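Take a look at the structure set out below.
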2 protein chains.
Amino acid sequence: MPRGEGKFLIKQRAFLKLYMIRFVEEHKMYGMQAMDELKTSFKSLGYEPNHSEIYRSLHDLIDDGILMRTKKVQEGAKYKEIVVYQFADYEKAKLYKKQVKTDLDRSMSLLRKALEDVY
Amino acid sequence: MPRGEGKFLIKQRAFLKLYMIRFVEEHKMYGMQAMDELKTSFKSLGYEPNHSEIYRSLHDLIDDGILMRTKKVQEGAKYKEIVVYQFADYEKAKLYKKQVKTDLDRSMSLLRKALEDVY
DNA sequence: GGATGAACAAGGTGTTCATAT
DNA sequence: ATATGAACACCTTGTTCATCC
């Protein structure tokens, strides 16, 4: 999020990483579940993130040193394995949240300005 | 702007096309001038559109049947030619503005929701 | 068949190059 | 040197394919 040069709105990736951090904070967390929850909660706004972006966000956060995979869990006879995450560095997580907040605010300002200027 | 499927925030192109329409409405208009004005007015928000996106927006609006190139004007000995635009179909322009407004509002709601959910 | 992940493809935007005055 | 435009390349994101239980 550094570059203040020519930058337009916040990217979907950062937006999702934010929500992933929030889900981990709330201990309810694995990829598909997060996706379903987001799809449900944003459907009315026409936004339905797909599974790839969810996983990319999670993997990014691992590369950032913010999250870590803790375990794969198998739930009985339900033919599925899930990956569970924990914080690798919560301070980094908080810092990232702060940075993204700045970008969210900035993005809001851009949109608000357009609405004021044009309509 | 049709597809309400999986769509995240409004695209830069639509955002700029909106401003191009506004500039034509105000009769002060050619590409570089529009760019300079936008750069100045958005610099404090970290956004500085480049010339390619400006021209692409203009060309798009022509393809949409909303604008038309009217003339190239040469101003004295100043080694430059500029392209001036007029509306080809102002009803279409108004319709487009309305559509983009919807998308701007939707985008604001997405950002606002994230701010509420996470912070 | 439900979850994760990688590969691949398409889209959008930034950078560079070309042309004309 | 300024304005326009096209070409090219990169980055972001969507779609499809692969694997594991």
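Small disclaimer: the values here were computed from a predicted structure and weren't measured. Here is the naming used below: chain letters follow the sequence lines, and residue numbers restart at 1 for every chain.
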(request) Can you figure out which of C:dA3, C:dG12, C:dA6 approaches the side chain of B:K11 most closely? (result) C:dG12
(request) Verify the contact: side-chain N or O of B:Y55 to OP1 or OP2 of D:dG5, cut-off strictly under 4.0 Å; return yes or no. (result) no
(request) Can you tell me the distance, in whole Å, between the CE atom of A:M32 and the P atom of C:dG1? (result) 15 Å
(request) Classify the nucleic acid contact of B:F15 as base, sugar-phosphate or nothing, counting any heavy atom under 4.0 Å across all strands shown. (result) nothing
(message) Using whole Å, what does the distance between atom C1' of nucleotide D:dT4 and atom CD1 of B:I62 come to?
(response) 12 Å
(request) Side chain of B:Q12 only, please: which of C:dG14, D:dG5, D:dT13 is the nearest? (result) C:dG14
(message) I'd like to know if B:D60 and B:R56 make a salt bridge, using a cut-off of under 4.0 Å between side-chain N and carboxylate O.
(response) no
(request) Figure out the CZ/P separation between B:F8 and D:dT13, and round it to whole Å. (result) 8 Å
(message) Please pick, from C:dG5, C:dG14, D:dA3, the nucleotide with the shortest atom-to-atom distance to any side-chain atom of B:E53.
(response) C:dG14
(message) With a 3.5 Å distance limit and no angle check, can you tell me whether B:S57 reaches the backbone of B:L16 through a side-chain donor-acceptor pair?
(response) no
(message) Measure CD/A:E81 against C1'/C:dG5 and give the value in whole Å, please.
(response) 10 Å
(request) Kindly point out which of C:dA3, C:dT13, C:dT16 is positioned nearest to the side chain of A:I82? (result) C:dA3
(message) Side chains of A:F87 and A:I21, heavy atoms from C-beta outward: is any pair under 4.5 Å?
(response) yes
(request) Could you work out which one of C:dT4, D:dA3, D:dA6 sits closest to the side chain of B:Y30? (result) D:dA3
(message) In whole Å, I'd like the distance from the CD1 atom of A:I10 to the C1' atom of D:dT13.
(response) 15 Å
(request) Specify the separation, in whole Å, of atom NE2 of A:H51 and atom C1' of C:dG1. (result) 14 Å
(request) Could you state the atom-to-atom distance from CE of A:M35 to C1' of C:dG2 in whole Å? (result) 10 Å
(message) For B:D117 and A:Y19: C-alpha separation, side-chain torsions, deciding distance, then whether side-chain hydrogen bond (donor to acceptor under 3.5 Å, both in side chains) applies.
(response) CA-CA 9 Å; B:D117 286 348; A:Y19 271 96; 2.7 Å; yes
(message) Determine whether the aromatic ring centres of residues B:F42 and A:F8 are separated by less than 6.0 angstrom.
(response) no
(message) Is there, by distance only and without an angle test, a donor paired with an acceptor across the side chain of B:R13 and the base of C:dG11 below 3.5 Å?
(response) no
(message) Using the side-chain heavy atoms of A:S52, tell me which of these nucleotides is nearest: D:dA6, D:dT15, C:dT4.
(response) D:dT15
(message) In whole Å, I'd like the distance from the CD atom of A:E48 to the C1' atom of D:dG14.
(response) 13 Å
(message) Given C:dG14, C:dT4, D:dG14, identify the nucleotide with an atom nearest to the side chain of B:N50.
(response) C:dG14
(request) Ignoring the backbone of A:H59, work out which of C:dG14, C:dA6, C:dA3 is nearest its side chain. (result) C:dA6
(request) Between A:V84 and B:R56, name the one whose nearest nucleotide on DNA chain C is closer to the 5' end. (result) A:V84
